[in-house]
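These figures come from a predicted structure and were not determined experimentally. Every chain is numbered from 1 and lettered A, B, ... according to where its sequence line falls, protein lines coming before strand lines.
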Number of protein chains: 4
Amino acid sequence: MRAAPMAPDDRRAQLLGAARAVFARRGYHAAGVADIIAEAGVARGTFYNYFPSKRAVFAAVLDAVMAELDRAVRPIDVAEPIGPQVRDNFLRVVRALTDPEVTRLLFAEAHGLDAEADEALRAFYEGAVARVSRALHTGRALGIVRDGDLDLTARCLLGMVKEPAIEAALAGESLDAARLVDEILRILTEGMLRLDPRAS
Amino acid sequence: MRAAPMAPDDRRAQLLGAARAVFARRGYHAAGVADIIAEAGVARGTFYNYFPSKRAVFAAVLDAVMAELDRAVRPIDVAEPIGPQVRDNFLRVVRALTDPEVTRLLFAEAHGLDAEADEALRAFYEGAVARVSRALHTGRALGIVRDGDLDLTARCLLGMVKEPAIEAALAGESLDAARLVDEILRILTEGMLRLDPRAS
Amino acid sequence: MRAAPMAPDDRRAQLLGAARAVFARRGYHAAGVADIIAEAGVARGTFYNYFPSKRAVFAAVLDAVMAELDRAVRPIDVAEPIGPQVRDNFLRVVRALTDPEVTRLLFAEAHGLDAEADEALRAFYEGAVARVSRALHTGRALGIVRDGDLDLTARCLLGMVKEPAIEAALAGESLDAARLVDEILRILTEGMLRLDPRAS
Amino acid sequence: MRAAPMAPDDRRAQLLGAARAVFARRGYHAAGVADIIAEAGVARGTFYNYFPSKRAVFAAVLDAVMAELDRAVRPIDVAEPIGPQVRDNFLRVVRALTDPEVTRLLFAEAHGLDAEADEALRAFYEGAVARVSRALHTGRALGIVRDGDLDLTARCLLGMVKEPAIEAALAGESLDAARLVDEILRILTEGMLRLDPRAS
DNA sequence: CATGAATGAGGGTTCATTCAT
DNA sequence: AATGAATGAACCCTCATTCAT
């Protein structure tokens with residue numbers, strides 16, 4: 001049975017979506033082009049009319065996911081109250097990571113694929129760190145952020161967000177984004193340890 | 001050239017070591033049994049005398065690495081000063097994660113292999129979370145840890161440690177463990193954000 | 001962009017020309033229908049409106065080339081001086097073979113394609129041999145050609161012409177047709193070896 | 001059914017032979033690795049234990065055939081009578097070319113495969129031309145060979161030998177080597193044309 | 001115990017051809 | 001008449017695993 005012809009952009013988008021679902025479900029290596037075309041209801045050759053290789057669709061999927069995540073972060077307007085804006089950014093990122101597809105693709109499948117994928121991922125991550133780091137420097141100038149090794153701090157921040165999201169996604173549990181964000185914000189604002197509570 | 005016979009345990013250990021090095025260097029999928037036996041200087045058949053499959057060696061390697069990491073955490077003696085003990089635990093964990101082999105194996109290669117590997121990893125991780133969580137509950141009872149969702153907090157803590165370690169390992173950079181630990185401890189004790197600096 | 005409709009014969013000729021260029025440039029197997037339609041600036045389906053298969057265009061191209069070569073040979077008029085007519089025939093053939101397209105198509109690509117192509121080629125070649133052979137018999141009757149196995153001689157003659165032409169074409173060198181023809185004629189008239197120079 | 005293990009050199013030779021037969025019979029493109037392993041009675045993987053690719057076996061086959069042909073030509077000892085040595089060389093070459101496998105492989109399949117194969121072939125052919133050309137120069141010094149463009153002459157000579165051999169092989173006819181050589185030698189020593197038989 | 005030749009299922013990719021528009 | 005998206009059979013190659021020596 002021959003699938004009805006389709007505008008190339010649409011077909012491409014459809015294949016991209018199918019690939020995204022399949023890669024998220026089975027992982028890069030376990031997924032075959034056969035799975036993707038089955039998901040899309042399309043013949044083998046059709047796939048290769050739109051992507052030159054399995055590796056290439058994966059790259060495209062990864063790009064889409066990274067862009068999605070990227071869009072979750074909005075610049076902060078210092079003329080407005082800062083707190084809610086920060087909280088909203090956290091919230092949007094966590095919500096994006098709440099999609100198990102996003103998380104699996106970014107964190108479970110993409111590492112160690114090949115030099116190129118690793119590089120794309122590292123570039124994305126470096127960008128994220130740089131972005132957070134810049135925000136922290138701005139915050140310090142505004143007196144909002146305490147001094148310290150802000151690059152390292154940025155990485156820690158990302159870890160606090162990523163880790164719970166990943167684990168929830170991989171475990172198949174759902175994650176209460178607001179709760180996580182509030183917990184993180186509390187740690188960031190108040191700390192959570194009193195190692196030497198000798199202070200009267 | 002026929003390798004000298006060897007005590008089975010030694011041969012097994014040798015193969016395990018070779019596999020660990022190879023998996024860390026090339027990743028699970030890129031590594032072939034051929035690489036492992038080349039590294040070990042042993043024939044193909046010999047490998048299968050000690051491990052039933054490639055998958056199985058990887059599981060064994062993973063077990064070894066997880067055990068190693070596990071040993072980095074020591075129970076806390078409440079009769080002694082807490083602070084240094086906590087710091088030392090952090091330090092030992094970060095140092096263990098400083099070994100790029102450990103990090104690559106645990107975080108870059110192990111995810112998404114198959115259901116069984118995912119399960120082993122998740123079990124390990126759940127154990128870690130549980131352990132930290134228990135420590136936090138104890139700490140709360142002692143008045144050292146502030147109240148809150150301690151499970152979530154445990155995950156955030158792990159993220160703060162893992163993330164910088166992973167990134168350093170994957171980027172091939174070295175990581176100053178003491179510096180990272182101190183930064184983390186400062187965040188945990190003092191926080192780092194003053195979102196509403198209304199405080200006169 | 002839709003190409004303007006065209007008289008069928010013209011379109012066919014255009015496609016034939018494109019195919020000839022492409023086959024000569026890339027060889028039968030390396031050339032794709034995609035190359036041909038790109039060369040012709042025409043859509044895929046259009047191609048199949050004029051030729052039933054890739055194999056078929058190649059056959060048509062081959063026919064055209066063989067006909068071209070065939071036209072290079074003119075019957076000899078015994079009422080006129082023979083020498084110049086022979087020389088002119090040689091010259092026209094060599095000049096035709098000087099076109100690298102012709103040579104590549106006939107000698108480098110056409111062999112071993114499939115039974116049918118081989119047959120067409122062999123038929124063409126047999127025709128050529130027969131033609132030369134007939135000329136030699138006539139020559140013998142006229143006392144111009146020495147006796148011998150004239151069929152074999154005809155094949156040798158063809159080889160003397162083909163070989164240098166092919167090699168020049170494949171090597172991308174140009175060939176001095178007149179020089180080759182003169183050399184061949186000298187060999188044919190005078191020989192070139194004196195194996196037993198005992199002749200006092 | 002598992003083929004009995006075999007000394008690697010033997011298996012390689014067997015595969016080479018099978019490949020040679022298959023390539024000669026079906027041509028490079030029509031022949032599949034499947035045909036070769038069927039001919040050899042061996043599994044797919046075995047083939048790739050000995051040759052890295054289909055292309056590579058073909059190269060090996062070609063090398064073998066070229067070497068075989070090369071061995072047919074023996075240096076001429078000027079202290080001995082020249083004539084018979086020359087004749088024997090011709091004879092051995094023609095006999096080698098009498099094997100249809102050799103001829104098909106060298107002349108029908110090898111051209112136009114890819115740049116590398118073309119180069120190997122051209123190098124072989126250039127070598128042959130150079131060899132013949134050198135012999136002719138020597139012969140001229142000895143007064144055996146008449147003056148002229150000896151490079152071109154060398155090419156013509158090769159053509160006289162190749163052409164009848166190829167055609168016989170492709171047509172499936174057998175060729176009387178001695179007869180061909182004698183005919184060629186007669187042409188070379190006496191010529192065969194008397195274009196201006198004015199000589200009373 | 002050790003060896004290494006043999007295996008073959010599995011997967012990615014190509015490209016001549018078809019047919020709905 | 002022209003188009004170009006869709007097709008799928010065919011093919012090359014990989015590599016974990018087996019087993020006879």
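Rounded to whole Å, the distance from OH on D:Tyr28 to C1' on F:dC11 is 11 Å. One can place NZ of A:Lys54 at 15 Å from P of E:dG10, the figure rounded to the nearest angstrom. Across the protein-nucleic acid pair, A:Met6 atom CE and E:dT21 atom P stand 13 Å apart, rounded to whole Å. Rounded to a whole Å, the CZ atom of C:Phe47 is 17 Å from the C1' atom of E:dC19. Atoms CD1 (D:Ile37) and P (F:dC12) sit 10 Å apart, rounded to a whole Å. Whole-Å rounding puts the C:Ile36 CD1 to E:dT17 C1' distance at 13 Å. Here the P atom of nucleotide E:dT14 and the CZ atom of A:Phe51 are 15 Å apart, to the nearest Å. For B:Leu15 and E:dC1, the CG to P distance is 13 Å, given to the nearest whole Å.
Along DNA chain F, the nucleotide nearest to A:Val42 and the one nearest to B:Ala31 differ in position, and the one closer to the 5' end is contacted by A:Val42. Position along DNA chain E of the nearest nucleotide to C:Gly45 versus B:Pro5 favours B:Pro5 as the more 5'-ward residue. Each of D:Asn49 and C:Ala43 was matched to the nucleotide of DNA chain F holding its nearest heavy atom; the match closer to the 5' end belongs to C:Ala43.
Distances from the side chain of A:Ser53 to the nucleotides F:dT17, F:dA5, E:dT13 place E:dT13 closest.
OP1 or OP2 of E:dT17 sits under 4.0 Å from a side-chain N or O of C:Tyr48. Contact annotation: B:Thr46 side-chain N/O to E:dT3 OP1/OP2 distance is under 4.0 Å. Between D:Arg11 and E:dA6 there is a side-chain N or O to OP1 or OP2 distance below 4.0 Å. The shortest distance between the side-chain N/O atoms of B:Tyr50 and the OP1/OP2 oxygens of E:dA2 is below 4.0 Å.
Both the sub-6.0 Å distance and the 45° axial angle are satisfied by A:Lys54 relative to the ring of A:Tyr28.
Evaluation of atom-type donor-acceptor distances gives a pair under 3.5 Å for the side chain of A:Arg44 against the base of E:dT13.
Nucleic acid contact for C:Gly32: sugar-phosphate only, since backbone atoms but no base atoms lie under 4.0 Å from a heavy atom of the residue. At the heavy-atom level, C:Pro8 lies nowhere under 4.0 Å from the strands shown.
Searching all strands for a Watson-Crick or G-U wobble partner of E:dA6 with both distances below 3.5 Å returns F:dT17. Remark: F:dA1 base-pairs with no nucleotide; criterion is Watson-Crick or G-U wobble with both hydrogen-bond distances under 3.5 Å. Taking a pair to require two hydrogen-bonding distances under 3.5 Å in either a Watson-Crick or a G-U wobble arrangement, F:dC11 pairs with E:dG12.
Side chain of A:Arg20 to backbone of A:Val61: no donor-acceptor contact under 3.5 angstrom is found. Between the side chain of D:Gln14 and the backbone N or O of D:Ala40, at least one donor-acceptor pair lies under 3.5 Å. With hydrogens and angles disregarded, a donor-acceptor distance shorter than 3.5 Å links the side chain of B:Asp35 to the backbone of B:Gly32. For B:Arg11 (side chain) and B:Met6 (main-chain N/O), no donor-acceptor pair under 3.5 Å exists by modelled atom type.
Looking at D:Asp63 and D:Met66, their side chains come closer than 4.5 Å, going by heavy atoms from C-beta outward.
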